[in-house]
Colleague: 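First the structure, then my questions, so here it is.
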Amino acid sequence: FPLAPSPDARKIAFSWQGDIWVVPAGGWTALRLTANPAYDHHPVWLPGGQQLAFVSTREGNDDIYVLDLASGTPRRLPFHEAADHGMGALGSDLVCTSRRHEAHDRMPAVYRSPLAGGTERLACEILAQEAVPSPDGRFLALVRGGTPTQRRHYRGAANRDIWLYELSTGKLEALTTTEWDEDGVSWAGNGTLVFRSDNGGPDRSLFRLDLASRKLTQLTHHEGVDV
């Protein structure tokens with residue numbers, strides 16, 4: 001599962017053996033934040049770095065919980081029988097993806113769930129596998145495509161691409177149009193995206209895309225194993 005750097009870049013949250021852990025970015029002893037028979041995964045930091053959202057199966061399927069680091073007490077956020085996956089904070093909401101009304105083999109819809117609790121609402125009318133809000137709240141970085149993330153070296157019309165959605169205007173723009181898969185997108189400031197890509201090579205590596213210049217830079221060169 002992906003690592004989650006804290007907003008101040010001093011800590012990294014991750015899932016290991018079904019629990020959420022945090023470790024200093026410089027390396028040291030990891031601290032376990034959750035201890036539950038269920039499977040906890042996909043941590044996401046909330047603004048301020050005092051809370052984490054994560055996904056857990058403790059009530060049957062994948063549901064989102066918010067963990068207050070000071071108290072150590074998690075609380076469930078949306079209440080729905082469909083699986084939910086948290087993507088990141090957008091103002092006072094958490095952006096999440098979920099197949100509430102979509103067929104199982106369709107991409108999930110994108111929702112905004114109030115962090116204080118309440119009924120979630122659609123964030124946009126675009127289906128996407130991932131929908132990560134920019135730090136300034138202007139955009140969603142989307143991953144759209146039909147292939148499962150565990151399928152490697154796929155080439156074809158169902159491949160996953162990176163898209164940019166502007167929340168204020170509804171403008172949707174394709175940022176990648178390759179034959180291979182791109183996913184695992186995250187923001188590095190407001191003008192830069194980092195994501196994972198086959199990029200025509202044998203294994204998946206990390207790439208950085210500058211949104212102003214559209215310059216694409218390969219960050220890792222993995223051989224024999226995906227990043």
Side-chain angles (χ1 to χ4, degrees), residues 1-99 108 110-118 120 123 129-135 137 140-141 143 149-150 183-189 193-196 206 220 225-227:
F1 290 115
L3 306 178
S6 62
D8 62 6
R10 298 177 61 184
K11 301 176 183 177
I12 298 174
F14 62 95
S15 173
W16 185 69
Q17 291 193 346
D19 288 313
I20 304 300
W21 300 68
V22 66
V23 66
W28 203 246
T29 302
L31 174 67
R32 186 165 67 177
L33 300 181
T34 66
N36 192 281
Y39 203 89
D40 301 338
H41 57 98
H42 280 88
V44 174
W45 289 92
L46 300 183
Q50 300 304 309
Q51 292 182 314
L52 275 171
F54 65 95
V55 180
S56 178
T57 60
R58 56 188 66 192
E59 295 200 35
N61 63 335
D62 282 344
D63 297 305
I64 299 173
Y65 291 79
V66 174
L67 175 67
D68 182 81
L69 299 186
S71 67
T73 303
R75 59 181 176 87
R76 185 172 169 180
L77 200 55
F79 287 82
H80 196 279
E81 64 269 20
D84 301 305
H85 289 267
M87 294 284 114
L90 181 60
S92 59
D93 298 330
L94 181 73
V95 175
C96 59
T97 59
S98 182
R99 290 185 178 90
V110 183
Y111 293 87
R112 298 179 64 158
S113 183
L115 287 167
E120 57 273 11
Q129 304 285 5
E130 302 174 30
V132 183
S134 61
L140 293 175
V143 173
T149 57
Q150 65 270 23
D183 57 20
V185 66
S186 62
W187 291 87
L193 293 174
V194 176
F195 56 89
R196 188 177 67 162
L206 288 181
T220 63
V225 64
D226 291 336
V227 66

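Hydrogens, waters and symmetry mates play no part in the numbers below; they use all other heavy atoms, side chains included.
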Colleague: With sequence neighbours left out, what residues match E120 under side-chain hydrogen bond (donor to acceptor under 3.5 Å, both in side chains)?
Modeller: R100
Colleague: Closer than 3.5 angstrom, by distance alone: can the side chain of S6 be matched with the main-chain N or O of G49 as a donor-acceptor pair?
Modeller: no
Colleague: Please test D8 against W45 for side chain to side chain contact (heavy atoms under 4.5 Å, CB included), starting from the C-alpha separation and ending with a verdict.
Modeller: CA-CA 10 Å; D8 62 6; W45 289 92; over 6 Å; no
Colleague: Kindly give the heavy-atom pair with the smallest separation between I20 and S15, and that separation in Å.
Modeller: CD1-CB, 4.2 Å
Colleague: First locate atom CG of L115, then atom CG of L90, and finally report the distance between them rounded to the nearest 0.5 Å.
Modeller: 9.5 Å
Colleague: For residues L3 and F14, report the shortest heavy-atom separation together with the two atoms involved.
Modeller: CD2-CB, 3.5 Å
Colleague: Minimum heavy-atom separation for I64 and P78, please, with both atom names.
Modeller: CB-CD, 3.9 Å
Colleague: The criterion is side-chain contact (heavy atoms from CB on, under 4.5 Å); which residues satisfy it with R32, sequence neighbours excluded?
Modeller: D19, W21, A35
Colleague: Using the salt bridge (Lys or Arg N to Asp or Glu O under 4.0 Å) criterion, which residues pair with D93? Sequence neighbours excluded.
Modeller: R112, R121
Colleague: Can you confirm whether Q129 sits close enough to H85 that some side-chain heavy atom of one is under 4.5 Å from a side-chain heavy atom of the other?
Modeller: no
Colleague: For S134, give me all partners under side-chain hydrogen bond (donor to acceptor under 3.5 Å, both in side chains), at least two apart in sequence or on another chain.
Modeller: D136
Colleague: Between the side chain of S98 and the main-chain N/O of A83, is any donor-acceptor distance below 3.5 Å?
Modeller: yes
Colleague: Taking only residues two or more places apart in sequence or in another chain, which ones pass side-chain hydrogen bond (donor to acceptor under 3.5 Å, both in side chains) with R76?
Modeller: E59, D63
Colleague: So, using side-chain contact (heavy atoms from CB on, under 4.5 Å) as the criterion, who are the partners of Q50 when residues are at least two apart?
Modeller: none
Colleague: In Å and rounded to the nearest 0.5 Å, what is the SG to NE2 distance from C96 to H80?
Modeller: 11.0 Å
Colleague: Looking only at heavy atoms, what is the nearest atom pair of R99 and A82, with distance?
Modeller: O-CB, 3.6 Å
Colleague: Under 3.5 Å, side chain of T220 to main-chain N/O of L206, donor-acceptor pair present?
Modeller: yes
Colleague: For the CG atom of N36 and the OG1 atom of T57, what is their distance to the nearest 0.5 Å?
Modeller: 7.5 Å
Colleague: Would you compute the distance between atom CD of E130 and atom CG of D183 and round it to the nearest 0.5 angstrom?
Modeller: 5.5 Å
Colleague: Can you name the side-chain contact (heavy atoms from CB on, under 4.5 Å) partners of T73, sequence neighbours left out?
Modeller: S71
Colleague: Return the set of residues passing side-chain contact (heavy atoms from CB on, under 4.5 Å) with A141 (not counting sequence neighbours), or none when no residue passes.
Modeller: V185, W187, L193
Colleague: Got a sec, which pairs hit salt bridge (Lys or Arg N to Asp or Glu O under 4.0 Å) with one end in residues 44-57, sequence neighbours left out?
Modeller: none
Colleague: Minimum heavy-atom separation for V95 to P133, with atom names?
Modeller: CG2-CG, 4.1 Å
Colleague: Angle class for the F54/Y65 ring planes (parallel below 30°, perpendicular above 60°, tilted otherwise)?
Modeller: parallel
Colleague: Check salt bridge (Lys or Arg N to Asp or Glu O under 4.0 Å) between R58 and all other residues, then give those that pass, not counting sequence neighbours.
Modeller: D40
Colleague: Compare every heavy atom of A131 with every heavy atom of V110, then report the nearest pair and how far apart it is.
Modeller: CG1-CB, 3.6 Å
Colleague: Hey, what do you get for NE2 (H42) to CG (D62), rounding to the nearest 0.5 Å?
Modeller: 9.0 Å
Colleague: In the structure I gave you, are the side-chain heavy atoms of K11 and P5 within less than 4.5 Å of one another anywhere?
Modeller: no
